[in-house]
Amino acid sequence: MSQYQDAGNTQAFDPQRTQMTGQPEKALIMKCITGNVYAAAAHSSREHVLVAITAGGAQGGAFGGRRMPLNLCLIIDRSGSMEGAPLEYVKRACGYVVDLLEPTDVLSIVAFEERVDVIMPARRVVNKALIKEHINRLEVGNTTNLYDGIAAGASQIASVASSGYVNRALLFTDGEPTAGIKDYNSIVGQVAEQKSRGITITALGFGDEYNEELLAGIAKRSGGNYYYITRPELIPEVFRRELETLMTIVARNLHLRVRLSKWVQVRQIYGRLPSFGERYAEVTLPDVERGSTESALIELELGQRPAGIYRVARVELTYDDSVTGRTEQLAEDVVFEFTADESLIAANVNEQVQREIEVALASRNLERTVMGMRTQQLAPSAAIEELEKTKALLIQQGKVTQAQDIQKAIDDIKQGAGIEKTLVGTIYNLDRGKSGK
Amino acid sequence: MIAARAGSEADKVNDNSIDKTQAVSETPDVTQVVSNSAMESTQMVVSVTCPVCGANSPGGEIYCSDCGFLLSGTPVEVEVSLPAESVPKLVDPSSGREFTLKSGVNTVGRQDTDVLLSHPTVSRRHAQITVEEGRCVVEDVGSTNGTVVNGRQIGQGQSVELSDGDEVIFGSVRLLFEYPSAAVEETAEKGEVDLVQEPSEPEESAAEPEDVGEAQEVESEPALIPVAKLVAQTGEIYLVREGENRIGRRPDNDIVLTDPYVSGHHAVINAVDGAISITDVGSTNGTSVAGEKLIPNEPRVLEIGDEIVLGQMVLTLKSAEDE
């Protein structure tokens with residue numbers, strides 16, 4: 001269970017949220033938790049707000065077993081390096097996907113090497129045996145034309161004109177782009193464009209050769225998931241896990257807008273790239289699965305003012321709700337009491353928000369360590385020292401999975417292996433502030 | 001907790017507008033606006049003046065629509081000078097986002113700085129702006145992509161005084177410096193203003209005519225003096241001249257490269273007053289400098305010895321005198 005839900009129980013529930021009879025409850029609950037009840041009057045200060053968006057809440061599983069149908073495209077790398085076991089496992093993984101889908105879902109399959117082939121155009125999953133036959137005919141080719149592969153997959157998804165689907169491409173690759181458009185900005189730029197059309201890409205990197213920065217960049221810009229698959233026999237399992245995740249998505253197209261009162265600025269939203277406008281900052285968040293929590297940690301700059309209670313911001317979330325079947329809006333005020341009494345400020349720090357700030361800092365430390373290793377400015381021994389520190393911090397903040405990742409990276413360095421792929425994934429997960437599942 | 005409390009107050013207010021009107025009119029700063037009374041359904045609309053910032057909010061609002069003050073409260077008397085409009089600040093003209101500068105040192109960069117610019121072309125520690133006795137001085141503290149004030153690159157460790165309306169570019173983030181107080185102060189206090197403005201004036205008057213002259217020259221006929229050269233691995237040499245140097249595969253470029261991976265219009269090198277920068281203008285295969293990929297349409301400062309990759313061509317920037 002998510003830590004936010006636990007914390008939520010200790011706070012007073014908004015009476016306005018009471019479920020009305022005859023209307024389905026919205027899939028999401030949004031809470032804005034301030035880093036302190038108080039802020040300094042007469043001085044400018046920096047305070048944090050944690051926006052925790054939780055799907056399901058108390059009614060977690062009670063959606064009558066319905067799920068959003070998927071409009072899924074498998075974008076498969078069949079470059080030369082996939083020959084042998086990897087391609088065989090990918091075929092098996094695609095077969096699993098077909099088994100898990102229902103006739104209400106739409107599937108398309110695109111394979112790329114130098115050329116891009118549409119193995120199966122987007123259509124309902126009715127004749128599973130036939131689809132598997134197509135999959136089994138996959139053969140390895142030459143180079144890796146990632147850009148055109150993504151473009152072809154996205155256009156398959158876009159060819160199904162309905163908003164009633166979870167649109168998702170699973171991009172599987174084992175190498176650097178070697179054909180067509182290869183540069184990071186063009187590829188990630190295309191991904192951002194597809195995202196604006198409602199298409200999310202999950203990036204699955206396999207083996208030691210793929211470009212982890214590029215794949216994590218794709219997933220991050222897109223709001224999809226990022227997986228690092230170390231061994232071929234794990235491929236089917238990862239596909240299955242991702243598919244199960246997709247089948248529990250209850251909210252899509254999340255846009256978070258922070259409207260600011262006078263004398264307030266957004267300094268940053270940790271690990272995300274917000275856009276700014278006159279008195280607001282705005283960011284797109286990934287789809288949310290049932291039972292999970294997506295969070296955004298916002299740092300505000302509060303200008304000086306007389307003591308009193310102020311709404312410093314109003315946080316608005318719009319999203320497509322699969323439970324109510326409508327575009328819904330949630331809004332919450334961010335309120336601080338400005339006081340001249342410093343002891344009140346010191347005594348009312350919110351520990352949960354404090355923890356999240358620590359985790360965000362740990363993520364930046366990791367990023368610096370990865371960069372240092374990559375540019376060889378950081379010796380392995382120094383990197384291990386840094387990683388041990390970050391690991392200790394994460395254990396303290398209850399991020400056990402990420403701490404384990406870091407332990408694995410430490411072991412890998414000791415054996416002279418590369419660590420970037422593991423750690424880029426860890427940073428990705430820390431930045432998403434995701435919990436639950 | 002507060003938010004929940006405020007929420008229930010909102011219910012009260014909405015459920016009983018009569019109560020609300022009465023409650024509000026007890027506070028002194030209320031102006032009553034009665035809208036079209038002929039209509040039966042029309043309710044009285046009361047606009048409330050915020051005791052803190054003086055803005056008017058429509059009746060029924062719990063918080064001031066401008067500064068966010070809880071309108072049912074009373075501001076506590078604290079010695080505070082409200083942020084006047086006379087503070088120096090940096091403004092992002094594209095979004096209206098503002099960075100207020102405090103007195104003393106303001107660090108500028110991508111991480112843990114006062115002016116926080118979350119942009120990949122901004123260094124973690126990029127520059128600093130010192131505000132002292134009404135003077136604002138910007139200094140580059142060793143950034144990768146440089147700091148440019150009014151089109152002029154600041155050398156590392158060098159500092160430039162800013163005045164109202166100046167354009168400051170950190171990496172590829174363009175901001176405007178605003179400090180309108182100088183004009184106001186001029187009329188209010190006479191003696192001090194001279195101190196503020198004098199140092200900047202001679203500098204400007206010395207620099208500006210020269211600037212304008214050169215810019216005009218470049219526009220009318222391209223200056224022919226090469227300021228640097230690009231040397232290909234294969235030995236070809238391409239001259240970089242003062243002003244704009246367009247690079248690409250098509251013959252209408254200043255520097256024509258035949259490599260098939262170079263786009264028709266690939267990049268532009270700008271050489272102004274000894275500062276050389278390169279901008280990828282949206283090429284297919286990208287441009288990188290010293291191993292770093294450029295973001296399209298964002299200039300990157302070049303230094304002698306930099307290795308530039310366009311498509312598959314590797315060019316090294318050398319000074320014009322170099323053998």
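In what follows, chains are A, B, ... by sequence order, proteins preceding strands, each numbered from 1. Since we're looking at a predicted model, the values are computed, not measured. Heavy-atom basis, side chains included; hydrogens, waters and symmetry copies ignored.
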Is it the side chain or the backbone of [X] that comes within 4.5 Å of chain B heavy atoms, both, or neither?
X	value
A:Arg314	neither
A:Gln265	side chain
A:Arg259	neither
A:Val264	neither

Side chain, backbone, both or neither: which part of [X] has an atom under 4.5 Å from a heavy atom of chain A?
X	answer
B:Leu117	neither
B:Asp114	both
B:Gln111	side chain
B:Thr287	neither

Legend entry - Short side-chain donor-acceptor distance under 3.5 Å, B:Thr121 and B:His119: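 Checked: B:His119/B:Thr121 side chains pair up, N/O donor to acceptor below 3.5 Å.
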Inset, instruction - Examine the side chains of B:Ser94 and B:Asp92 and answer whether a donor and an acceptor come within less than 3.5 Å of each other. - result: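 Yes, because at least one side-chain N or O of B:Ser94 sits under 3.5 Å from a partner of the opposite role on B:Asp92.
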Inset, instruction - I would like to know whether A:Tyr310 and A:Phe338 meet side-chain contact (heavy atoms from CB on, under 4.5 Å); could you show each step before the answer? - result: CA-CA 7 Å; A:Tyr310 294 78; A:Phe338 288 75; 3.3 Å; yes
Legend entry - CZ (A:Phe276) with more than 12 external heavy atoms under 6.0 Å: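 For A:Phe276, atom CZ is crowded (more than 12 foreign heavy atoms under 6.0 Å).
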Inset, instruction - With the side chain counted from C-beta on, respond yes when A:Ile187 and A:Leu146 share a heavy-atom pair under 4.5 Å apart, and no when they do not. - result: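 Side-chain contact under 4.5 Å: yes.
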Inset, instruction - Report yes if the side chains of B:Val108 and B:Thr113 come closer than 4.5 Å at any heavy-atom pair, otherwise no. - result: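 They are not in contact (no side-chain heavy atoms under 4.5 Å apart), so the answer is no.
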Inset, instruction - Quick one: which of B:Gly286, B:Gly291, B:Cys67, B:Ser288 has the most heavy-atom pairs under 4.5 Å with chain A, could you say? - result: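 Between B:Gly286, B:Gly291, B:Cys67, B:Ser288, the count favours B:Cys67.
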